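Below is one structure; the comments refer to it alone.
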Amino acid sequence: RDGSREFNPAAATLAETGSNVFGSISDCLYDFTFCYDMMQGLRKRDPQTFVKDLRRWLHEQQCTDLPGQIRLRHIESHDSIRAEYWYGPDGMRRAMAISAWIPGIPMVYQDMEDGHGYFFKKVFKIRNSLVEMGDGDADYLAVNAPDDIFAVLRTANQPDNPPPQYAWDKEGAGPRASIAVVALSENNEAKMEFQRAVISLPLSKLPPQLRNVKTVHELWTNRPVDVIRQDDNILLPVPNSGFAVYRFGGPEKVKIIDG
């Protein structure tokens, strides 16, 4: 890294290793375990076991990484077969959404987007428009969700002078939070259950300034959602699409996704 920056101060170094020790001399590490071990649970284990294992592993990985360490999140590469062949088209989309909505740099391998362009556009438009997705913290265990639903809480502070991709949020500086949701079951019976399912979040997990919100905006479907309070928790529905990003803070009415 230091040698590269002698020639180009803006140079970034990607170490082709997953070992933490190399995080001290590079800007980014491959996340081989994510690609070749954890995500393989999509095809090797039932959705409930996969989600439980993935959320716990991501939490523990975060605890052991060096401060500020960045990982390249990939679900296929030149060393693997195509993710679409591994997981099927729907499974690949779910894996891509997870990799894009957790911390790190999501990788789209060559031609991976073929046949999935609109889906990829939505996933990355949401990621690139939210300060908490790009620069925020992640809590993998805060959200209580049905066993086959992956959920992560992302939080960050909107700066006074945000970079252009966040400038649509004109509510000023302050805390922002999102809950990203990806449902992993694909059968029709499970999809019917999604329509009745809810996720819950203890209010204590939100920044204090966001705990009294009455409405959040669900960005995947571009709609406001009323917040239901139960004891010291907030409840939100899981849409039958299987994807959701609930945004706390910022404009109450916002449309960052076309269509």
Side-chain angles (χ1 to χ4, degrees), residues 18-20 28-65 69-77 79-109 112 119-120 123-124 126-127 132-133 136-155 178-187 190-191 193-194 197-201 205 220 236 238-239 241-246:
S19 177
N20 280 6
C28 184
L29 303 176
Y30 273 85
D31 198 344
F32 292 124
T33 305
F34 178 77
C35 179
Y36 300 119
D37 292 313
M38 299 310 301
M39 295 309 294
Q40 292 298 309
L42 270 175
R43 64 191 183 94
K44 294 181 178 180
R45 296 188 286 277
D46 60 87
Q48 293 81 1
T49 302
F50 168 73
V51 169
K52 180 185 68 174
D53 290 349
L54 181 63
R55 292 180 75 180
R56 173 57 65 178
W57 177 79
L58 286 167
H59 169 76
E60 293 179 355
Q61 181 194 52
Q62 186 169 254
C63 293
T64 59
D65 278 351
Q69 186 165 296
I70 299 173
R71 290 187 178 273
L72 181 70
R73 308 286 194 180
H74 60 297
I75 61 172
E76 69 173 51
S77 74
D79 291 322
S80 74
I81 65 171
R82 292 289 187 176
E84 191 167 359
Y85 300 156
W86 260 339
Y87 311 125
D90 287 341
M92 185 271 282
R93 290 182 176 196
R94 287 167 169 78
M96 192 71 243
I98 290 172
S99 70
W101 292 343
I102 63 175
I105 301 173
M107 184 177 81
V108 178
Y109 188 61
M112 183 180 178
F119 177 85
F120 276 48
V123 165
F124 285 100
I126 290 172
R127 173 193 167 85
E132 62 271 25
M133 287 284 190
D137 296 327
D139 191 330
Y140 298 103
L141 306 181
V143 181
N144 298 305
D147 291 343
D148 55 355
I149 293 176
F150 178 87
V152 57
L153 173 66
R154 304 296 310 272
T155 54
S178 293
I179 299 175
V181 176
V182 181
L184 275 301
S185 292
E186 299 182 20
N187 60 67
K191 288 181 179 179
E193 287 297 321
F194 295 160
V198 296
I199 61 173
S200 67
L201 178 73
K205 297 295 184 179
W220 190 260
L236 294 165
V238 177
S241 67
F243 299 93
V245 177
Y246 293 104

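When reading the values below, keep in mind they use all heavy atoms of this one structure, side chains included, and skip hydrogens, waters and symmetry mates. Everything numeric in this text was worked out from a predicted model, so none of it was measured.
Although no hydrogens or angles enter the test, the distance criterion places a donor-acceptor pair under 3.5 Å between the side chain of Arg127 and the main chain of Ala100. Between the Arg94 side chain and the Val182 main chain, no donor and acceptor come within less than 3.5 Å of each other.
Inter-residue side-chain proximity for Val238 and Ile149 is flagged as met; some heavy-atom pair is nearer than 4.5 Å. Counting heavy atoms from C-beta outward, Trp86 and Met39 have side chains that stay 4.5 Å or more apart. Val152 places none of its side-chain heavy atoms less than 4.5 Å from the side chain of Val181. Looking only at side-chain heavy atoms (C-beta outward), Leu58 and Ile102 come within less than 4.5 Å of each other. In this structure, the side chains of Ile70 and Leu29 stay at 4.5 Å or more apart for every pair of heavy atoms. For the pair Pro106 and Trp101, the minimum side-chain heavy-atom distance is 4.5 Å or more. Annotation: side chain of Val245 is not in contact with side chain of Arg154 (no heavy-atom distance under 4.5 Å). Residues Pro146 and Gln48 fail the side-chain proximity criterion, which asks for heavy atoms closer than 4.5 Å.
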key: side chain to side chain contact (heavy atoms under 4.5 Å, CB included) assessment of Thr33 paired with Trp57   = CA-CA 10 Å; Thr33 305; Trp57 177 79; 3.5 Å; yes

task = Please lay out, stage by stage, how Leu201 and Ile179 fare under the test side chain to side chain contact (heavy atoms under 4.5 Å, CB included).
result = CA-CA 9 Å; Leu201 178 73; Ile179 299 175; 3.9 Å; yes

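In this structure, Cys28 SG and Arg73 CZ are separated by 9.5 Å, a value rounded to the nearest 0.5 Å. Atom CD of Glu84 sits about 9.0 Å away from atom CE of Met112, to the nearest 0.5 Å. Separation of atoms NE2 (His59) and CG (Leu54) is listed at 13.0 Å; rounding is to 0.5 Å. Atom OG of Ser99 is separated from atom CD1 of Ile105 by 12.0 Å, given to the nearest 0.5 angstrom. The distance from atom CG of Asp31 to atom CD1 of Ile75, rounded to the nearest 0.5 Å, is 12.5 Å. Atom OG1 of residue Thr49 and atom CG of residue Leu184 lie 11.5 Å apart, to the nearest 0.5 angstrom.
Side-chain contact annotation: Gln62 with Asp137, donor-acceptor N/O pair under 3.5 Å absent. With 3.5 Å as the limit, one finds a donor-acceptor pair spanning the side chains of Ser178 and Glu132. Between the side chains of Tyr30 and Ser19, no donor N or O sits under 3.5 Å from an acceptor N or O.
For Phe119 and Phe124, the ring centers sit 6.0 Å or farther from each other.
Annotation: cation-pi geometry not satisfied between Arg55 and Tyr140 (NZ/CZ under 6.0 angstrom from ring centroid, within 45° of ring axis).
The two residues His74 and Ser77 come nearest to each other via the heavy atoms CD2-CB, 4.0 Å. The two atoms that bring Tyr87 and Gln40 nearest to each other are OH-NE2, 3.1 Å, heavy atoms only.
Using a cut-off of 4.0 Å between Lys/Arg side-chain N and Asp/Glu carboxylate O, Asp65 and Arg71 are scored as salt-bridged. With respect to the salt-bridge test (charged N to carboxylate O, under 4.0 angstrom), the residues Asp53 and Arg45 qualify.
Ring geometry, Tyr36 versus Phe32: the interplanar angle falls under 30°, so the pair is classed parallel (tilted spans 30 to 60°).
Other residues, nucleotides and ligands contribute more than 12 heavy atoms inside 6.0 Å of the OH atom of Tyr109.
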